[in-house]
2 protein chains.
Amino acid sequence: MERKETIFHAATRLFADKGYKETSMSEVAKLTGVAQGTIFYHFKSKEDLFLAILEEFKSNVNDEFEKWVNNHSFSNGLDMLESALDFYLYLASIMEDRFMILYRHDAYELALHNPIFGQYLESIYDHLVDIFEKAIISGRNDGSIADVSPKKNAMLIFTMVDGLVRFNTYKLYDAGTLYDELVKACRKILTQT
Amino acid sequence: MERKETIFHAATRLFADKGYKETSMSEVAKLTGVAQGTIFYHFKSKEDLFLAILEEFKSNVNDEFEKWVNNHSFSNGLDMLESALDFYLYLASIMEDRFMILYRHDAYELALHNPIFGQYLESIYDHLVDIFEKAIISGRNDGSIADVSPKKNAMLIFTMVDGLVRFNTYKLYDAGTLYDELVKACRKILTQT
DNA sequence: GTTAAAACTGACTGATCAATCAGTCAAATA
DNA sequence: TATTTGACTGATTGATCAGTCAGTTTTAAC
């Protein structure tokens with residue numbers, strides 16, 4: 001692995017675990033096994049390093065979403081929605097550190113001064129909510145989902161599955177046992193008018 | 001207002017707006033209009049000041065919950081749950097700054113070294129989820145709510161209303177129009193088996 | 001083998017921070 | 001009036017931080 005890549009991963013881990021402000025560049029250097037100066041050779045500033053991490057996250061969410069749509073077929077919209085719930089949990093598990101960064105306020109803070117952070121954040125959230133919205137629209141068309149607002153219900157479902165991921169991340173509750181109840185709840189919400 | 005109280009409120013505002021780490025004690029002093037040293041006369045450290053804020057928040061949630069239970073009567077459990085949704089949104093609006101502090105990671109970070117932070121956080125969250133659980137149990141007894149798991153569904157409903165508050169706080173979506181859909185969703189979830 | 005560019009180093013700088021402390025001051029008490 | 005006490009001040013301290021830079025090492029091209 002390239003030095004730059006190693007620095008990138010070490011920083012991702014530390015920003016996720018400790019937060020942006022709480023992580024010093026010397027810690028990143030120490031964890032990577034390089035001198036402090038090396039980091040600034042590859043990334044022009046601490047903020048630049050963070051931006052690179054967020055950009056890669058955005059791209060990964062994009063790519064994974066494409067892969068999911070292309071490699072799955074659904075019998076109907078309701079089926080697609082249940083698959084989307086799985087997909088969300090899968091995403092959150094393979095990108096656990098990036099999701100933790102999303103749950104922290106660091107990126108929002110930086111977005112106030114650097115609008116590119118805002119753009120990336122918006123893009124990530126739009127994609128995540130979109131997954132459910134597309135499934136609901138599809139379900140309304142094929143009749144597997146009742147006449148409900150796609151956008152609003154997508155957001156409600158997003159808040160539930162996202163909350164479940166948070167419970168899991170913060171180890172506040174066994175999210176596994178909550179999952180079945182979540183699926184049931186979604187079915188109830190979407191099959192009644 | 002006492003000096004100590006003024007410092008307390010200035011710090012609450014700053015910790016909510018900028019975050020704990022990002023707020024310097026000299027900023028708190030400046031906003032309050034006192035010398036830096038005065039803060040350390042009243043609070044032995046920055047952490048101690050934050051702890052005081054979180055403790056007061058915990059007590060306020062406690063008190064407000066008591067007031068709500070004592071001053072309201074409900075025709076049945078489902079009615080109580082809908083009132084609980086209102087109550088949650090009311091709490092989040094009158095304690096907007098404290099909720100923002102809850103959404104930040106600062107307190108969780110400090111909880112790793114100082115378990116009292118953990119205790120306060122747990123107490124706050126327990127109370128917030130409890131509101132919904134109590135309503136569901138009551139509804140199951142009076143028949144207005146179907147045979148569903150009180151704890152799990154309380155947590156799902158908590159994630160939804162909490163997500164709605166977050167949308168509102170971060171101004172990502174007009175939470176007002178989402179509220180009606182949330183109430184409908186809760187009714188669907190709780191009245192079917 | 002020579003040369004040039006790219007990668008890397010770590011001591012250093014200036015800024016910022018939480019916390020300290022010797023001392024001021026006004027109000028309360030004797 | 002004299003003394004004590006509690007509230008307050010702000011210059012200072014030592015630690016930590018992001019970022020710099022002059023110099024070294026490695027790699028690649030010829």
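Lettering of chains follows the sequences in order, A, B, ..., and the numbering in each one begins at 1.
- For D:dT9, the OP1/OP2 oxygens have a side-chain nitrogen or oxygen of B:Arg3 closer than 4.0 Å.
- By the 4.0 Å N-to-carboxylate-O rule, B:Lys184 lies close enough to B:Glu181 to be salt-bridged with it.
- Distance, A:Lys18 NZ to D:dT16 P: 12 Å, rounded to whole Å.
- Of all heavy-atom pairs spanning B:Ile7 and B:Phe43, the tightest one is CG2-CE1, 3.9 Å.
- Geometric assessment of A:Lys4 against the ring of A:Tyr41 yields a negative cation-pi assignment under the 6.0 Å and 45° thresholds.
- Within the 4.5 Å cutoff, side-chain heavy atoms of A:Leu121 are placed close to those of A:Leu54.
- Across residues 35-47 of chain A, A:Ala35, A:Gly37, A:Thr38, A:Tyr41, A:His42 each have a non-hydrogen atom less than 4.0 Å from an atom of DNA chain C (numbered order).
- Looking at A:Lys134 and A:Asp130, a side-chain N of the basic residue comes within less than 4.0 Å of a carboxylate O on the acidic one, giving a salt bridge.
- Contact check of residues 21-28 of chain A against DNA chain C (heavy atom, cut-off under 4.0 Å) returns no residues at all.
- Distance CG (B:Leu49) to P (C:dC17): 16 Å, rounded to an integer number of Å.
- The CD1-C1' distance, from A:Ile7 to C:dA7, rounds to 11 Å in whole Å.
- Of all heavy-atom pairs between A:Asp106 and A:Tyr20, the closest is OD2-N, 3.0 Å.
- Distance CG/A:Leu91 to CD1/A:Ile131: 6.0 Å, rounded to 0.5 Å.
- Put simply, CD on A:Glu2 is 12 Å from C1' on C:dA6, counting in whole angstrom units.
- Taking the centre and axis of the six-membered ring of B:Phe15, the NZ or CZ atom of B:Arg104 falls outside the cone set by 45° and 6.0 Å.
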